[in-house]
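The block underneath contains the structure these notes are about, expressed in structure tokens.
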There are 2 protein chains.
Amino acid sequence: MTENYFLSENNIPYREFFHFGLSVDCVIFGYQNGQLKLLLIKRGADPFKGRLALPGDLVSIDEALDDSATRILKHLTGIDNIFLEQFQTFGSVVRHPAGRVVSVGYFSLVKSENYLPIASGWAETVDWVNISEAQELAFDHDEILAEAIKTLKRKVQTEPVGFELLPEKFTLAELQNLYEQILGSKFDKPNFRKKIMGINLLTPLEEIQENVAHRPAKLYSFNKEEYSRLKKKGLGSIFQNIE
Amino acid sequence: MTENYFLSENNIPYREFFHFGLSVDCVIFGYQNGQLKLLLIKRGADPFKGRLALPGDLVSIDEALDDSATRILKHLTGIDNIFLEQFQTFGSVVRHPAGRVVSVGYFSLVKSENYLPIASGWAETVDWVNISEAQELAFDHDEILAEAIKTLKRKVQTEPVGFELLPEKFTLAELQNLYEQILGSKFDKPNFRKKIMGINLLTPLEEIQENVAHRPAKLYSFNKEEYSRLKKKGLGSIFQNIE
DNA sequence: TCAAAAGTGTTCCGAATACACCCATGC
DNA sequence: GCATGGGTGTATTCGGAACACTTTTGA
């Protein structure tokens, strides 16, 4: 399929243009102990050997972009079976010392406790790092991360988030804390509860917290049907919809 | 900068991976005579010669992605000085007959009347086409267009739209029609007016319509400062924001 | 009995909705 | 005058925001 009889307008065979590298970088958010986390590797190979970096690698020539993201993440961290979503592509000229590499950013949300990463490939170590400590990353990964965080904040406003990050059973305070962590602000407790209970999203369980030095909180789980329905449909709109 | 002493983990020099083509495709929305339009070229070269297609071409190896989109659009259509925004990257394996080409989608909104496109390069013709007639495009451009329309609908909900599409002076009915065209639904006139006037977005002019067989409508223009402020800040949020 | 966090209720206000109605123009 | 679309006012409902209050636990 790489035949070169197609000519571009200045009579250069198309193949002459085919000297790009293509990579994928994965921004994997987790949540544990009330902290928003990020999955980072320490690079065991040049360039940027020893630096923290997003899990990412070059795409193979016969591999679809989405498949590549899944493969690379599994290969570097052992993490598998998660939903990776493309969010932005980074294409400045000098982002990689080995040549012209354009990188496609993918992001995902997972329960970090369920995914103990195992370093392999050229990853020296892999760890869940607090968001605030994810700085001075390799390549332009600081920029990629910043864009991923913007995307996450936007998503939180328009679709439900939490099922992917929280354990099976959780308290309303934990859910509220998660939202506060992501958006970097505080909410009024009574109003948060009312709003979240207003949509039919949570299923109250017959269980409560144990061994806490205060009134134990009720546990909830997500109503999966309603959750995925709202994922698709979204949470609100600016303009009324008559029809 | 394309030295090959960096080795990937299986000892293949990085350069061996550098066989991707990279392209840019532009989805340019316009608006004229109450119709949402799309800028399409008829391809004058293989592959897909004679088919309608989004303006797009291969990126040069030493050219940043955003710059490339601007250059390619200008080269094919003569259109210049517009804001192009990246929205999604398309990376399935078989989208281009000449080899593995990954394409980055860009989109923009313009006043079609201000941009009379002139075909050049391998574009045989360039025209503003009604959205509904943009079908069976070359390559996977149907899919790219579908994603661009989704993006546009999402944008309309979260930031002001219209300054880029409407003429300098316009009526409230025209603005409402634009929103209805984009979202594919009808709004209540009094409520639309109240909502749009509630934000300090429009400047009423001392002019009215002429030669219409009914009460002439007042003309408005956009308040540019407030418009760009709301572009950045957004229009609403689901959760309250306490500091 | 006290601290700490869970959980509830109530009031206020502004925005969204659904209408009914009036106004200016060309024919 | 009348058809046509422009433009306004209002009553009602709903949801967000603010905040006071009660409840349950461990120590």
Side-chain angles (χ1 to χ4, degrees), chain A residues 33-34 156-158 160 166 169-181 183 185-221 230 233-243, chain B residues 33-34 156-158 160 166 169-181 183 185-221 230 233-243:
Chain A
N33 303 327
V156 165
Q157 304 279 19
T158 54
L166 290 171
K169 304 166 182 178
F170 53 89
T171 69
L172 291 183
E174 284 169 344
L175 182 61
Q176 180 173 347
N177 173 269
L178 172 61
Y179 272 96
E180 291 176 345
Q181 292 271 325
L183 291 174
S185 53
K186 293 274 180 202
F187 302 140
D188 178 77
K189 182 174 51 155
N191 294 338
F192 182 86
R193 301 169 80 91
K194 263 177 287 185
K195 201 175 316 196
I196 210 78
M197 297 316 271
I199 50 184
N200 180 30
L201 193 63
L202 301 184
T203 308
L205 304 175
E206 293 307 314
E207 282 180 76
I208 55 171
Q209 274 183 324
E210 284 173 12
N211 298 318
V212 284
H214 55 75
R215 174 172 172 182
K218 201 169 174 54
L219 294 176
Y220 293 81
S221 66
L230 288 175
K233 177 182 153 289
L235 283 176
S237 88
I238 304 297
F239 286 97
Q240 52 180 313
N241 241 345
I242 300 176
E243 205 74 15
Chain B
N33 303 327
V156 164
Q157 304 279 20
T158 54
L166 291 170
K169 304 166 182 179
F170 53 89
T171 70
L172 291 183
E174 284 168 346
L175 182 60
Q176 180 174 347
N177 173 270
L178 172 61
Y179 272 96
E180 290 177 347
Q181 292 271 324
L183 291 173
S185 53
K186 292 276 180 200
F187 302 140
D188 178 76
K189 183 173 49 156
N191 294 338
F192 181 85
R193 300 168 82 90
K194 264 177 287 187
K195 200 175 317 196
I196 210 78
M197 296 316 272
I199 50 184
N200 180 29
L201 194 63
L202 301 184
T203 308
L205 304 175
E206 293 307 313
E207 283 180 77
I208 56 172
Q209 277 183 323
E210 285 174 12
N211 298 317
V212 285
H214 55 76
R215 174 172 172 182
K218 201 169 174 51
L219 293 177
Y220 293 82
S221 66
L230 288 174
K233 177 181 153 290
L235 282 177
S237 89
I238 304 297
F239 286 98
Q240 53 180 314
N241 240 345
I242 300 175
E243 281 313 306

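Reminder, nothing fancy here: chain letters follow the sequence lines and each chain counts from 1.
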(message) Is A/K218 close enough to D/dT24 that one of its side-chain N or O atoms is under 4.0 Å from OP1 or OP2 there?
(response) no
Is any side-chain heavy atom of [X] closer than 4.5 Å to a side-chain heavy atom of [Y]?
X: A/L219; Y: A/I208; value: no
X: B/N177; Y: B/F170; value: no
X: B/P204; Y: B/K218; value: yes

For atom [atom1] of [X] and atom [atom2] of [N], their distance in whole Å:
X: B/F187; N: C/dA18; atom1: CZ; atom2: C1'; value: 16 Å
X: A/F192; N: D/dG16; atom1: CZ; atom2: C1'; value: 14 Å
X: B/I199; N: C/dA15; atom1: CD1; atom2: C1'; value: 13 Å
X: A/Q209; N: C/dA5; atom1: CD; atom2: C1'; value: 9 Å
X: A/N177; N: C/dA6; atom1: CG; atom2: P; value: 11 Å
X: B/Q176; N: D/dG5; atom1: CD; atom2: C1'; value: 12 Å
X: B/I196; N: C/dA15; atom1: CD1; atom2: P; value: 14 Å
X: B/M197; N: C/dA15; atom1: CE; atom2: C1'; value: 17 Å

With hydrogens left out and only the distance checked, is there a donor-acceptor pair under 3.5 Å joining [X]'s side chain and the base of [N]?
X: B/K194; N: D/dT10; answer: yes
X: B/N191; N: C/dA18; answer: yes
X: A/K195; N: D/dG15; answer: no
X: A/K189; N: C/dA6; answer: yes

(message) If I take atom CG from residue A/L205 and atom OG from residue A/S221, how far apart are they, to the nearest 0.5 angstrom?
(response) 4.5 Å
Checking contacts here: which listed nucleotide ([options]) is nearest the side-chain heavy atoms of [X]?
X: A/D188; options: C/dG26, D/dC19, D/dT25; answer: D/dC19
X: A/H214; options: D/dT25, D/dG5, D/dT8; answer: D/dT25
X: A/R215; options: D/dT25, C/dC19, D/dT23; answer: D/dT23
X: A/A213; options: D/dG6, D/dG26, D/dT25; answer: D/dG26

(request) Please work out whether the ring planes of A/Y179 and A/F187 are parallel, tilted or perpendicular, with thresholds of 30° and 60°. (result) tilted
